[in-house]
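Each remark here refers to the structure printed beneath this line.
Here the structure is a predicted model, which means the values were calculated and not measured.
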Amino acid sequence: MTDSPRSRIFARVSRAQNEADATTIQRELEALGSAPTADLPAADISTAFLTNVLKNQGTVDCAANRSSAVKSVADYLYRHFRSHRLVAGNDPHLAAMPWREAGVLPRFGGVEPGEAVSLSYALLGVAETGAIVTVTGKANPAANNLLSEHHLVMVDSTRLVRDMEGAWERIRRETVKSGWPRGINFIAGPSSTADIEGKLVYGAHGPRQWHVILIGDVPATALEEARALAGQLNQGTS
Amino acid sequence: MASSDGCTSLKQTSNTFLDNAHEALQDAGKVERRNLMAYYMHIVRDAAVDQFGHFEDLRQHVKQVKQHSLEHLEYYLNQFEQAALQNGNHVHFAEDGDQLNSIVLDICQQHSARRIAKGKSMVTEETGLNDYLKRAGMKVVETDLGEYIIQQAGETPSHIVGPALHKSAAEVRELFFAKHDLGERELADTGEMVSEARRVLREHFLKAEVGIIGANALIAENGYSMLVTNEGNGDLCANLPNVLIVCTTLDRVVPRSEDATAMLRLLVRSATGQPQTCYTSFYSGPRREHDIDGPLETHIVLLDNRRTEILASDYREMLQCIRCGACLNHCPIYAGVGGHAYGWVYPGPMGSVLTPLLTSLEQSKALPNACTSCGRCAEVCPADIPLPDLLRDLRHDETRQKLSSSRWRLGMRLHAWLARHPTLYHAVTGLGIFTLHLLGRRKGSFASLPLAAGWTSQRDFPAPEGKTFMHQYSAMHREEKAREHKAAQALEQNTKAGPAAPRRTAQGRTPARRNGTERIEPSLRVDWPRKPDPRKPSGTRPRREGDDSASGKKPAAHPGGPRGKKPRRRPDHD
Ligand code: SF4
């Protein structure tokens, strides 16, 4: 191989270690097992997810079906903006929502500077961290996660996974067919910073508000319980 | 505005650490703020660690994965490179900072770029990239709020996670008034300042042609890089400009996606006490066919800058560092003097190890001595790096390379020689202590002492009681032996005289028996082992070789792996 920075670096790396073949390395790696994950705040996965979203300073709502999900979005928009406008990616799930029922007027595409509200349909929700997962692409342009002031996210309750390992397992199983996406984003809260005197401020560069709507079969008491748990746990740590 | 942009100076001043520290201690306001931060950061980190539940297991797991990755770095680096190329990236290797800088500049120039949006990256601080690009006429704007503040102020980071934590809100307010031409306004609180920075930087994001970010991990199996932020600024850099350059180092490679997120669990809790940052993103390359946004071209620059040398040395453990900043937050020296005193990019305990390794020991020989050996850094380090041991080894190197003062080395040699002659050692120390005892008997302490002026300038030295510890210890031992001897004699007499004669024991008391040995008089009971226990190593930190099997869930299941590695060799470079 030619004498390049690459070859010199590889030569130095190689000199610093013992040789081993791929099978041995793989075997060694597997023997290390998997990492412990964080305990969930509740046994029920929906409750745990909602609790952690709240602890991440998100706001939440539950919707039994698509109609009530749309209604929840309409309520949110009216409450904050007295409007019915928002931007959503070209996600088939979002396109199929009964928007008219609630009089919401989505524009499908990427957020343009100055547009205040965006809506994403999450690939997954992670109970361990209270994060939602999106992948870049037409269905959810990256700008939609980042440029709006309010980021709304719908998650189907069947798309909740316990932990980050569960998320990778799903991503591997489901997205590899269509090729790995350019970007995978775990989002857990509104954008924040503590860079001035350690004081926490929301809305650093990304959205100031982050609102998660959990759709589907969720225990009736999940939301109430999550609020109690988030309140309790927050008190416990502060 | 461009002309007043800050200029990050990388002139290394590590060797004037003592003067820097002295100066840092003069600003009472900053000292107070550092104390407050140090106090607060412990609490949030501890709470997050406790709430996780199995933090030590996690720590050991990630450490093993990191060690495994470093042990087979060639394999994983290759795998990462192949995957990254397949994802459509350009992959570059840079042996030193200059190479990285010129690779980045070339890319910018190829695209006739003028405006660059930069995410937080300690690696590019290390190479002085901003200055380099600025000299070539580029407008580089740091977009992490902390980095932006210090860039505007023309300063360097004081902390690897919170680079501008040394600045007060009032200072930031003045800075924004001076740098942002936005007319009359209040900027009454932190929120308003953040909003203003958001507005100013948003414009820059939308105009930038090139985005530069760092990476918290590189994933070998799929060529993704992990980016961890709370602000989302790194994601804006990675998604809005047409060209993206990821600048990172080759030791960031881990095998699988799960390894990156396992590391994330440690990193975030240790750094800010959160269970998860707001944005954890994985980027693989340029825009895909039907995407409507994202960069059109992506580059990954992998910097070595002596990391391969560290890999080959006995300081390899330092490459396990995940840059969480916990060792800074828990270091009494860092809390006292702040990050700038360390005189280069990386401060605190990790900086005191890294700076000599990445620059030279000669240029930074003061840093390994900026340590009280309290061991708190090693206790909290999520990567389980034995920082005090590494610092001690660097001090040892200093002595071997004759970098410490000749008087100091002479003293060390004298001490070493004496320590090898125990009888003489005890005689000399005994004499010394006795003399000090006689001299200081009346006052009980010394206000000044020859050869210890540094110590006594700050506090009085208590006068010794008269005898050395070893003297008292052996005396106690002798007494005890004598007592045992007497007791044994008495016992012998008793058995001869029959059971009716206990009154003949020493001091008229019956020696109590426990497990076949006489109980030591309560006043003489000692808790330490009678003889130094050879199995227990001495030093600042117990070695952890057996820990993973001893500490619980995960047995060390691969005898051939890094676990079974040789004990630490003395560094043998001269
Ligand atoms: S040395 Fe350990 S504690 Fe310090 S920054 Fe690195 S990982 Fe964190």
Check your understanding: Do side-chain atoms of A:Glu225 reach the backbone of A:Thr47 as a donor and acceptor pair under 3.5 angstrom?
Key -> no
Review point. Top residue by heavy-atom pair count (under 4.5 Å) with chain A, among B:Leu70, B:Ile292, B:Thr229?
Key: B:Ile292
Exercise for review: Considering only heavy atoms and a distance below 4.5 Å, find which of A:Gly189, A:Gly198, A:Ala38 pairs most often with chain B.
Suggested key: A:Ala38
Practice item. Give, as side chain, backbone, both or neither, the part of A:Pro190 having an atom under 4.5 angstrom from any heavy atom of chain B. Key: backbone
Check your understanding: Going by distance alone, is a donor N or O of one side chain under 3.5 Å from an acceptor N or O of the other, for B:Tyr40 and B:Asn329?
Key -> no
Check your understanding: Are A:Trp180 and B:Phe282 close enough that their ring centres sit under 6.0 Å apart?
Key -> no
Review point. Taking B:Pro286, B:Ala169, B:Ala197, B:Gly285 one by one, which has the highest count of heavy-atom pairs under 4.5 Å against chain A?
Key: B:Ala169
Check your understanding: With distance as the sole criterion, is a donor-acceptor pair present between the side chains of B:Gln60 and B:Glu56 under 3.5 Å?
Key -> yes
Review point. Checking heavy atoms, do the side chain of B:Asn78, its backbone, both or neither come under 4.5 Å from chain A?
Key: both
Check your understanding: Does the side chain of A:Asn52 come under 3.5 Å of the side chain of B:Gln276 through a donor N or O and an acceptor N or O?
Key -> no
Point to revise | Part of B:Leu240 within contact of chain A (heavy atom distance under 4.5 Å) | key: side chain
**Study point:** Heavy-atom proximity to chain A below 4.5 Å, by part of B:Phe55
**Key:** neither
Check your understanding: Short question: side chain of A:Asn144, backbone of A:Val111 - any donor-acceptor pair under 3.5 Å?
Key -> yes
**Study point:** Under 4.5 Å from a heavy atom of chain A, the part of B:Ser69 involved
**Key:** neither
Point to revise | Part of B:Glu81 within contact of chain A (heavy atom distance under 4.5 Å) | key: side chain
Review point. Non-hydrogen atoms of chain B under 4.5 Å away: do they reach the side chain of A:Ala20, the backbone, both or neither?
Key: side chain
